[in-house]
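Just below is one structure, and these are the notes that go with it.
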Amino acid sequence: MAASSRKALARYLLQCHFRSLPPSNGLHRCVQSTLPLSTRITSTPSREIPFCGLQQCRNYAASQASAKKESKPSIEYMAEEPEDDVYMLKHYPPRVMSTDEALQKLRRKLAGSLEPNPNLDRTVNMNIALDMKLQKKKKVDPFQNLVLLPHRFKEDSKVLCFAKRPEDIQTAKDSGADIVGGTELFEDILNGLITFDHCVATPDIMADLQPLKKELRRRYPKSKRQSVSKNIPSMLNLHKRGQLYKCLKETVDVPIGKLSQSNEHIEENIKTIITAVVEHKPQKYWPFIKSVAISAHQLPAYKITFEHWLPEIEEEETEFEVFQLPW
């Protein structure tokens, strides 16, 4: 296309664009003043100007862009499993294996690594991909909680307990709280002289903890996080020995054990985490879990089967009313 034809086409499209703007728009007058005299347009009500099709083109482009996002090209794999030891991952589908097989592969990868200490124990992490959709456009809110694992693999957390009554303070000390006190601890906490992992409190002292809300942030005691309760021994046991799991961007990443532990212990920990996670979505909107994978530090991740750990769906019993006919 010649240069003159391109300039003429650009000038025509520019005029169509400004004709579609309302005449009272300040931007319309400002841009018009910067144009050459040959390309300026007189202010005319927009209802008297014929439609130039600009909005229609934009809608068409937007619909085409959304259609491209929705229609993803299907991947055609070469085979279900590779026959050689060296292959390209994109040509074969990701294989879902049992937990025993995945743990064996992780241990072999660790033993064959080029580290000074190949027998170094590593933490096994579990990644859970979730389907957060509910009815219509609603989604499950991000969540976090603590759960007691049947087989522990880490040290106890450092817990601070706020209490007011002398008997509650003594109960907290006997239950294993690392730091126990009341309002006298505020100055040391605000100055950063006291460090701790979790913070719990009794209900009668919650009104006095407002000055610490900005400093504690997510560690601020809340009944929803099971950090405010009258049952001090149970609350301290959960926060000292419990495992924290968080849902961030539709995934849950949580440690579940060590490679030195037995497969049975790791599987029981996985079952406990999955049972706790699925409770955050009503059963009528299941399935909640898309996939589960386990990995370790600087080791590959392997997808595992998880369906046998899901709790059974409770069937709702519908009651029917019996009406007696008049005849």
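Reckoned from all heavy atoms, side chains included, excluding hydrogens, waters and symmetry mates.
Here the CG atom belonging to Asp100 is positioned 4.5 Å from the CG atom belonging to Asn263, to the nearest 0.5 angstrom. Taking CZ from Arg122 and CG from Leu106, the interatomic distance works out to 10.0 Å, rounded to the nearest 0.5 Å. Expressed to the nearest 0.5 Å, how far OG1 of Thr305 lies from NE2 of His308 amounts to 5.0 Å. Distance check, rounded to the nearest 0.5 Å: CD of Gln283 to CZ of Phe288 gives 12.5 Å. The structure places NZ of Lys258 at 11.0 Å from CD1 of Ile266, a figure rounded to the nearest 0.5 Å. Atom CG of Leu259 sits about 7.0 Å away from atom CG of Leu299, to the nearest 0.5 Å.
Considering all non-hydrogen atoms of both residues, Val277 and Phe143 come closest at CG1-CZ, 4.2 Å. In terms of heavy-atom proximity, Asn269 sits nearest to Ile256 at ND2-O, 2.9 Å. Glu167 and Thr171 get closest at one heavy-atom pair: O-OG1, 2.8 Å. The two residues Gly182 and Ile205 make their nearest non-hydrogen contact at CA-CD1, 4.0 Å. When all heavy atoms are compared, the tightest approach of Leu236 to Ala172 is CD1-O, 3.7 Å. The nearest pair of heavy atoms linking Thr123 to Pro255 is CG2-CB, 3.6 Å.
Side-chain contact between Phe306 and Ile270 is absent, with no heavy-atom pair separated by less than 4.5 Å. A 4.5 Å side-chain heavy-atom check between Trp309 and Ile304 finds at least one atom pair inside the cut-off. In this structure, Gln226 and Asn145 have side chains that are in contact, with non-hydrogen atoms separated by less than 4.5 Å. Residues Leu244 and Lys246 have side chains in contact (heavy-atom distance under 4.5 Å, counting atoms from C-beta outward). Considering only heavy atoms from C-beta on, Leu134 comes within 4.5 Å of Val140 through its side chain. Looking at heavy atoms from C-beta onward, Val200 lies out of side-chain contact with Ser229 at the 4.5 angstrom threshold. Within the 4.5 Å cutoff, the side chain of Lys230 has heavy atoms near those of the Pro203 side chain. Counting only heavy atoms from C-beta outward, the side chains of Arg165 and Asp204 approach each other to under 4.5 Å.
Residues satisfying the side-chain contact (heavy atoms from CB on, under 4.5 Å) test with Ile169, not counting sequence neighbours, are Ala163, Lys173, Val180. In this structure Gln170 satisfies the side chain to side chain donor-acceptor pair (under 3.5 Å) test together with Asp174, sequence neighbours excluded. Every residue two or more places apart in sequence or in another chain that forms a side chain to side chain donor-acceptor pair (under 3.5 Å) with Ser260 is listed here: Asp121. The salt bridge (Lys or Arg N to Asp or Glu O under 4.0 Å) search around Glu250 returns Lys139, not counting sequence neighbours. Judged as a salt bridge (Lys or Arg N to Asp or Glu O under 4.0 Å), and not counting sequence neighbours, the contacts of Glu101 are Arg95.
For residues 209-235, there are no ring pair (Phe, Tyr, Trp, His ring centres under 6.0 Å) pairs, not counting sequence neighbours. Applying the salt bridge (charged side-chain N to carboxylate O under 4.0 Å, His left out) test to every pair with at least one member in residues 205-225, sequence neighbours left out, gives these pairs: Lys164-Asp208. Among pairs with a residue in residues 176-198, those fulfilling salt bridge (charged side-chain N to carboxylate O under 4.0 Å, His left out) read Asp178-Lys240, at least two apart in sequence or across chains. For the ring pair (Phe, Tyr, Trp, His ring centres under 6.0 Å) condition, the pairs that include at least one residue of residues 195-217, sequence neighbours left out, are His198-His239.
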Less than 3.5 Å apart, which donor and acceptor atoms pair up between the side chains of residues 124-131 and the rest of the protein, not counting sequence neighbours?
from, atom 1, to, atom 2, distance (Å)
Asn127, ND2, Asp253, OD1, 2.5
Asp131, OD1, Lys133, N, 3.4

Listed pairs under 3.5 Å, donor-acceptor, residues 146-162 side chains, sequence neighbours left out:
from, atom 1, to, atom 2, distance (Å)
His151, NE2, Glu268, OE1, 2.5
Arg152, NH2, Asp156, OD1, 2.1
Lys158, NZ, Thr195, O, 3.2

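No more than 12 heavy atoms of other residues, nucleotides or ligands lie within 6.0 Å of NZ in Lys303, so this atom counts as exposed by the packing criterion.
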Side chain to side chain contact (heavy atoms under 4.5 Å, CB included) evaluation trace for Tyr245 with Gln144
CA-CA 6 Å; Tyr245 63 90; Gln144 68 175 25; over 6 Å; no
Kindly determine whether Ile289 and Leu310 satisfy side chain to side chain contact (heavy atoms under 4.5 Å, CB included), including the steps that lead there.
CA-CA 9 Å; Ile289 298 179; Leu310 294 175; 4.1 Å; yes
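Through direct or indirect side-chain contacts shorter than 4.5 Å among Ile, Leu, Val, Met, Phe, Trp and Tyr, Leu248 is connected to no other residue.
Leu103 and Leu110 fall within a single hydrophobic cluster, where Ile, Leu, Val, Met, Phe, Trp and Tyr are joined by side-chain heavy atoms under 4.5 Å apart, directly or via other members. No chain of hydrophobic side-chain contacts below 4.5 Å, direct or via other Ile, Leu, Val, Met, Phe, Trp or Tyr residues, connects Met235 to Ile179. Cluster annotation: Ile294 and Val96 are assigned to distinct hydrophobic clusters (Ile/Leu/Val/Met/Phe/Trp/Tyr, side-chain heavy-atom contacts under 4.5 Å, transitive). Placement of Phe186 and Val228 within a single hydrophobic cluster is found when ILVMFWY residues are connected by side-chain heavy-atom separations under 4.5 Å, directly or transitively.
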